[in-house]
There are 2 protein chains.
Amino acid sequence: MSTLKSSKQRDAVLANLQSRYDHPTAEDIFLAVKEVIPSISLATVYRNLKLLESEGLILKIPTGDSDRFDGHTHGHYHLTCINCRQVIDLDIDPGVNLDSLPRDFDGTVTSHSLMFYGICPDCKSSNKK
Amino acid sequence: MSTLKSSKQRDAVLANLQSRYDHPTAEDIFLAVKEVIPSISLATVYRNLKLLESEGLILKIPTGDSDRFDGHTHGHYHLTCINCRQVIDLDIDPGVNLDSLPRDFDGTVTSHSLMFYGICPDCKSSNKK
DNA sequence: TTTAATAATGATAATTATTATCATTATCAT
DNA sequence: ATGATAATGATAATAATTATCATTATTAAA
C-alpha cells in the first residue's frame with residue numbers, strides 16, 4: 001500500500017479541528033483553513049478529512065444533512081439541537097461500558113456513538129417558541 | 001396548515017417499512033414498493049419518507065452515506081457493520097434511562113440514538129479477513 | 001545534493017443523494 | 001356532483017461529496 005507523505009494542508013486541517021470545540025462541516029473547515037493557506041482547495045479538505053478519519057485522528061458525525069467533524073476523539077457525547085441544528089458536546093458519564101452492552105450478539109462491537117436530540121441551551125434561553 | 005390526505009403510495013411505503021426488519025435506503029424502498037405500485041416515483045418515496053418521519057411513524061438513520069429508514073419506532077438500537085455497511089437491530093437494554101443522563105445541562109433532551117459499530121454476525125462467520 | 005518515485009495538491013468535472021417545480025390526478029368535505 | 005387542495009409522476013435543480021488529471025511537493029536513495 002501507499003505510504004503517507006506529510007503536507008501542510010493536512011496539518012492545518014487537523015490543527016484547525018483540534019483547536020475548536022464546535023463541530024464544523026467540511027465547508028466550515030475549508031473557510032477557516034483558507035485564512036491560513038489561501039490557496040487550499042475544498043477537495044483537499046475533503047480528502048484529508050477522510051484520511052484523518054481513517055487514521056482515527058478525527059471523528060465524522062453523520063447528521064442527515066452535511067457531515068460534521070470533531071477533532072477530539074476521546075469518548076464523549078453530542079446533542080443535536082432540533083431547533084438550530086448545531087451539534088454540541090455533552091460531558092456525561094454513562095456509568096456503564098456501553099460497548100459491552102450487546103451480550104447475546106454474535107458479532108463484534110468496536111465502538112459506539114450516542115447522539116442526543118433536543119434543544120440546546122442557547123435556543124432554550126433565547127426562546128421565541 | 002394543510003390537512004393530510006391519504007394516498008395508497010404513502011400507505012405502501014409505510015407498510016413496506018413495517019413489514020421488514022432491515023434498514024433500507026430510499027432507493028431500496030422505492031424498488032420494493034414498485035413491485036406493488038409499478039407507477040410510483042422515487043420522488044414520491046422521498047416525499048412520504050420525510051412526511052412519515054415528521055409524523056413520528058418511522059425513523060431516519062443518518063449513516064454518512066445514504067440515509068436508512070426504520071419502520072419500528074419503539075426504543076431499540078443499531079449496529080453498523082464496518083465491513084458490509086449493513087445496519088442491524090440490537091436488542092439490548094441499557095439499564096439506565098439514557099435521556100436523563102445529561103444532568104448539569106441547560107438544554108432539553110427529547111430523544112437519543114445509540115449506534116454501535118463493529119462486525120455483524122454474517123461478516124464475522126463468513127470471515128475472509 | 002541531484003534524482004527518481006510517488007503522494008498530495010488545486011481546479012474542476014462527475015456523481016450521488018435529495019429536494020423543488022409543475023402540470024395532472026386523487027381525495028374529501030360540502 | 002363539485003370545488004378546493006393535497007398528492008402524484010416526471011424531471012429539473014441543488015447540495016454534498018468524490019473522481020480525474022496535470023502539476024507540485026515530499027521523501028528515500030544514489
Side-chain angles (χ1 to χ4, degrees), chain A residues 1-17 22-55 57-70 80 84-87, chain B residues 1-17 22-55 57-70 80 82 85-87:
Chain A
M1 72 251 36
S2 59
T3 313
L4 210 44
K5 234 169 236 188
S6 82
S7 88
K8 65 175 193 292
Q9 287 84 348
R10 181 154 58 243
D11 294 346
V13 166
L14 179 58
N16 179 261
L17 269 172
D22 59 347
H23 303 82
T25 62
E27 180 79 24
D28 294 334
I29 298 164
F30 170 64
L31 292 174
V33 174
K34 213 170 168 37
E35 298 294 311
V36 181
I37 306 175
S39 65
I40 198 172
S41 151
L42 179 56
T44 295
V45 172
Y46 272 105
R47 260 191 301 254
N48 283 310
L49 286 173
K50 181 173 284 207
L51 210 152
L52 290 167
E53 196 219 353
S54 73
E55 297 278 303
L57 294 172
I58 65 171
L59 229 57
K60 179 163 94 166
I61 307 172
T63 71
D65 46 89
S66 295
D67 290 335
R68 289 168 176 278
F69 297 88
D70 192 328
T80 299
C84 69
R85 305 305 303 169
Q86 282 235 113
V87 175
Chain B
M1 72 253 34
S2 60
T3 312
L4 212 43
K5 235 170 235 188
S6 82
S7 87
K8 66 174 193 291
Q9 287 86 348
R10 180 154 59 242
D11 293 347
V13 166
L14 180 58
N16 178 262
L17 269 172
D22 59 346
H23 303 81
T25 63
E27 181 79 23
D28 294 333
I29 298 163
F30 169 63
L31 292 174
V33 174
K34 214 172 167 38
E35 298 294 312
V36 181
I37 306 175
S39 65
I40 197 172
S41 151
L42 180 57
T44 295
V45 172
Y46 272 106
R47 260 191 300 253
N48 282 309
L49 286 173
K50 182 173 282 208
L51 210 152
L52 290 167
E53 196 220 353
S54 75
E55 297 278 303
L57 294 173
I58 67 170
L59 229 58
K60 178 163 95 167
I61 307 172
T63 71
D65 46 89
S66 295
D67 290 335
R68 289 168 176 276
F69 296 87
D70 192 328
T80 298
I82 59 182
R85 305 305 302 168
Q86 282 236 111
V87 175

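Protein chains get the first letters and strands the later ones, always in sequence-line order, with residue 1 at the start of each. Since this is a predicted model, take the numbers as computed values, not measurements.
Scanning residues 23-49 of chain B for heavy-atom distances under 4.0 Å to DNA chain C yields B/A43, B/Y46, B/R47.
When each of B/L51, B/I58, B/L49 is checked for a side chain to side chain contact (heavy atoms under 4.5 Å, CB included) with B/L14, only B/I58 meets the rule.
For C/dG10, the paired base is D/dC21 (Watson-Crick or G-U wobble, both distances below 3.5 Å).
Across the protein-nucleic acid pair, A/R10 atom CZ and D/dA25 atom P stand 15 Å apart, rounded to whole Å. Between the P atom of C/dT16 and the CG atom of B/D65 lies a distance of 13 Å, rounded to the nearest Å. B/L51 places its CG atom 16 Å from the C1' atom of C/dT18, with the value rounded to the nearest Å. Here the C1' atom of nucleotide D/dA16 and the NZ atom of A/K50 are 12 Å apart, to the nearest Å.
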Worked check of side chain to side chain donor-acceptor pair (under 3.5 Å) between A/T44 and A/R47 = CA-CA 5 Å; A/T44 295; A/R47 260 191 301 254; 2.9 Å; yes

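For the atom pair CD1 of B/I37 and CD of B/Q9, the computed distance is 5.0 Å after rounding to the nearest 0.5 Å. For the atom pair A/H23 NE2 and A/D67 CG, the distance stands at 13.5 Å (nearest 0.5 Å). Distance check: B/R68 CZ to B/D22 CG gives 8.0 Å after rounding to the nearest 0.5 Å.
Closest to the side chain of B/S6, out of C/dC28, D/dT27, C/dT18, is C/dC28. Minimum atom distance to the side chain of A/S2 is reached by C/dA7, of the listed C/dT18, C/dA7, C/dT27.
When all heavy atoms are compared, the tightest approach of A/P62 to B/G64 is CB-N, 3.3 Å.
A/D67 comes within 4.0 angstrom of the backbone, heavy atoms only, and of no base. Contact annotation for B/K8: no contact, since no heavy-atom pair falls under 4.0 Å across all strands.
Each of B/K5 and B/Q9 was assigned the nucleotide of DNA chain D with the nearest heavy atom; the assignment lying further toward the 5' end belongs to B/K5.
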